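The next block holds one structure in the form of structure tokens; read it before the comments.
Just so it is clear, the structure is predicted and the values come from calculations on it, not from any experiment.
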Amino acid sequence: MRKTGMFSVWLIAAGLIMTAMAAEPRSPDDPSKVTPLAVGAHAPAFTVREADGKPFNFTPSKLTKPALLIFYRGGWCPYCNAHLKELRVVEPKLVALGCDVLFLSTDRPEILHSSLKEDVSYRLLSDNEVHAARAFGIAFRMDNTTYEKYKTYGLDLEASQGAKHHELPVPAVFIVDRKGIVRFAHANSDYTVRLDAASLAAVAESALH
């Protein structure tokens, strides 16, 4: 009886682990194969971390204002730095529209600001475990060849992320309204292509009014 009971407990534990794994599907190995959350979908809840390491909970069912989520790869990426620099001119306008403007990358919390080449006052969040990127359907796994190639450029992704999953987000922008519904989505598997500042301001104004 005792052995049977222990076996039952093991089965339950194994089942819970398998259920948790199934809830977060494996990210594709090719950025062109990501499936970003579509306009009209309910935004997922997620937990990431602030620059000071404290958890930040994004709960779509409890939003008091629309949220603008900007996913970028990391402070090590020159295209991300250029994009964040460009968005300086419209960030105040986005805030004036009543948005919470959130910037998410896979950099670990303690290097969110120091890894950037630009000095910004944005609210930077660490999605170093890529839970948010996976939930929004924009995460992909870097192949080993590219990972090793990046290391020759001086980038150790495991060090910058503090994790060994080798996953990154496709750069993306999502606008979520107060009801938790995605009103705008933009993602491009080509990391050199970003939504420009003027277009972002225009779509934000259109989506939220």
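- Counted by atom type alone, Thr47 and Asn57 present one or more donor-acceptor pairs between their side chains at under 3.5 Å.
- Side-chain contact check for His42 versus Pro60: every heavy-atom pair is 4.5 Å or farther apart.
- The pair Arg88-Glu118 meets the salt-bridge criterion, since a charged nitrogen lies less than 4.0 angstrom from a carboxylate oxygen.
- The residues Arg123 and Glu50 are annotated as salt-bridged, a charged nitrogen and a carboxylate oxygen being separated by less than 4.0 angstrom.
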**Item:** side chain to side chain contact (heavy atoms under 4.5 Å, CB included) between Ser126 and Val48, intermediate numbers included
**Value:** CA-CA 6 Å; Ser126 172; Val48 289; 5.8 Å; no
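- Salt bridge present: Lys93 and Glu205 bring a charged side-chain N and a carboxylate O closer than 4.0 Å.
- Nearest heavy-atom pair, Val90 versus Ala197, reported as atom, atom and distance to 0.1 Å: CG1-O, 3.5 Å.
- Nearest approach of Ile138 to Phe71, heavy atoms of both residues: CD1-CG, 3.4 Å.
- Put simply, the side chain of Pro28 reaches to within 4.5 Å of the side chain of Val34, judged on heavy atoms.
- Between the side chains of His166 and Gln161, not a single donor N or O lies within less than 3.5 Å of an accepting N or O.
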**Message:** Could you walk me through whether His83 and Tyr72 satisfy the side chain to side chain contact (heavy atoms under 4.5 Å, CB included) test, starting with their C-alpha distance in whole Å, then the side-chain angles of each, then the deciding distance to 0.1 Å, before giving a yes or no?
**Reply:** CA-CA 9 Å; His83 192 219; Tyr72 66 100; 6.0 Å; no
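- Counting heavy atoms from C-beta outward, Pro92 and Val95 have side chains that stay 4.5 Å or more apart.
- Asn128 and Thr106 are not linked by any side-chain donor-acceptor pair at a separation below 3.5 angstrom, with hydrogens and angles left out of the test.
- By the 6.0 Å and 45° rule, Arg73 does not stack over the aromatic ring of Tyr79.
- For the pair Val176/Arg183, no side-chain contact is recorded, criterion being any heavy-atom separation below 4.5 Å from C-beta on.
- A heavy-atom distance below 4.5 Å is not found between the side chains of Phe136 and Thr35.
- In this structure the side chain of His165 reaches within 4.5 angstrom of the side chain of Val130, judged on heavy atoms.
- Residues Ile70 and Leu102 are not in side-chain contact: their nearest non-hydrogen atoms beyond the backbone lie 4.5 Å or more apart.
- Two rings, from Phe174 and Phe184, have their centers 6.0 Å or more apart.
- Side-chain contact between Tyr122 and Glu91: present, with at least one pair of heavy atoms (C-beta onward) separated by less than 4.5 Å.
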